[in-house]
Student: 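Structure in structure tokens, see below.
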Amino acid sequence: MTKIVAVTACIAGIAHTYMAKANLEKFAKKKGLDIKVETQGAMGIENKLSISDVSEADVVIFAVDTNVSERGRFDGKPILTVGTSEVVKDGEETIDEAIALINK
């Protein structure tokens, strides 16, 4: 099974962070993919991805409008970077783009 990890973070760290998380989870589930999403918002880092989550992932999605904290954890992984608004508008396309990165 394809494994995806993602980080969502918007400037304010409130609405878009969590809407992007929900959309990524919705469309990954719809496609039968395993996904874990870490949010970096107003409450700090929530649902922090473990070392094994990251090492087992086939691809990483950064749905962010700001910097990713502890970005070095993802070195060596294929990373798709998009804005949170893109994911909120079309989460399915984001998932499809991430899968395409794996298949390159």
Student: Can you tell me how far the CD atom of Glu46 sits from the OH atom of Tyr18, to the nearest 0.5 Å?
Tutor: 3.5 Å
Student: With the side chain counted from C-beta on, respond yes when Ile45 and Ser69 share a heavy-atom pair under 4.5 Å apart, and no when they do not.
Tutor: yes
Student: Tell me, do Phe62 and Gln40 make a side-chain contact under 4.5 Å, heavy atoms counted?
Tutor: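 Answer no - side chains too far apart.
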Student: Is it true that atom NZ of Lys77 has more than 12 heavy atoms of other residues, nucleotides or ligands lying nearer than 6.0 Å?
Tutor: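 Counting other residues, nucleotides and ligands, NZ of Lys77 exceeds 12 neighbours.
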Student: Which atom names give the shortest non-hydrogen contact between Ile14 and Ala42, and what distance separates them?
Tutor: CG1-CB, 4.2 Å
Student: Between Arg73 and Ile51, is any pair of side-chain heavy atoms under 4.5 Å apart?
Tutor: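 SC-SC contact between Arg73 and Ile51 ruled out.
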Student: If you apply the rule salt bridge (charged side-chain N to carboxylate O under 4.0 Å, His left out), what do you find for Lys29 with Glu25, and how did you get there?
Tutor: CA-CA 6 Å; Lys29 182 178 179 181; Glu25 290 172 339; over 6 Å; no
Student: Going by distance alone, is a donor N or O of one side chain under 3.5 Å from an acceptor N or O of the other, for Thr2 and Asp58?
Tutor: no
Student: To the nearest 0.5 Å, what is the distance between CD (Glu70) and CG (Leu49)?
Tutor: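 Those atoms lie 10.0 Å apart.
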Student: Hey, what do you get for CG (Asp65) to OG1 (Thr8), rounding to the nearest 0.5 Å?
Tutor: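 If I round to the nearest 0.5 Å, the distance is 10.0 Å.
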Student: Output the rest of the hydrophobic cluster of Val82: all Ile, Leu, Val, Met, Phe, Trp and Tyr residues reachable through side-chain heavy-atom contacts under 4.5 Å, sorted by chain and number.
Tutor: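 Answer for Val82: Ile4, Leu24, Phe27, Leu33, Ile35, Val37, Val59, Ile61, Leu80, Val87, Ile95, Ile99, Leu101, Ile102.
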Student: Search all heavy atoms of Asn23 against all heavy atoms of Gly91 and return the closest pair with its distance.
Tutor: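 Residues Asn23 and Gly91, closest heavy atoms: ND2-N, 3.8 Å.
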Student: Over all heavy atoms of both residues, which pair between Ala63 and Ala20 is shortest? Give the atoms and the distance, please.
Tutor: CB-CB, 4.4 Å
Student: Above 12 or not: heavy atoms from other molecules or residues under 6.0 Å from NZ of Lys31?
Tutor: yes
Student: What distance separates Thr84 OG1 from Lys89 NZ, expressed to the nearest 0.5 Å?
Tutor: 9.5 Å
Student: Closer than 3.5 angstrom, by distance alone: can the side chain of Glu93 be matched with the main-chain N or O of Asp90 as a donor-acceptor pair?
Tutor: no
Student: To the nearest 0.5 Å, what is the distance between CG on Asn47 and NZ on Lys36?
Tutor: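 Output value for this atom pair is 10.0 Å.
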Student: Would Lys48 and Glu38 satisfy salt bridge (charged side-chain N to carboxylate O under 4.0 Å, His left out), going step by step from the backbone distance to the final call?
Tutor: CA-CA 5 Å; Lys48 186 170 182 171; Glu38 172 180 301; over 6 Å; no
Student: Indicate the atoms forming the closest heavy-atom contact of Met1 with Gly32, along with that distance.
Tutor: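 Shortest heavy-atom separation between Met1 and Gly32 comes out as CE-O, 3.5 Å.
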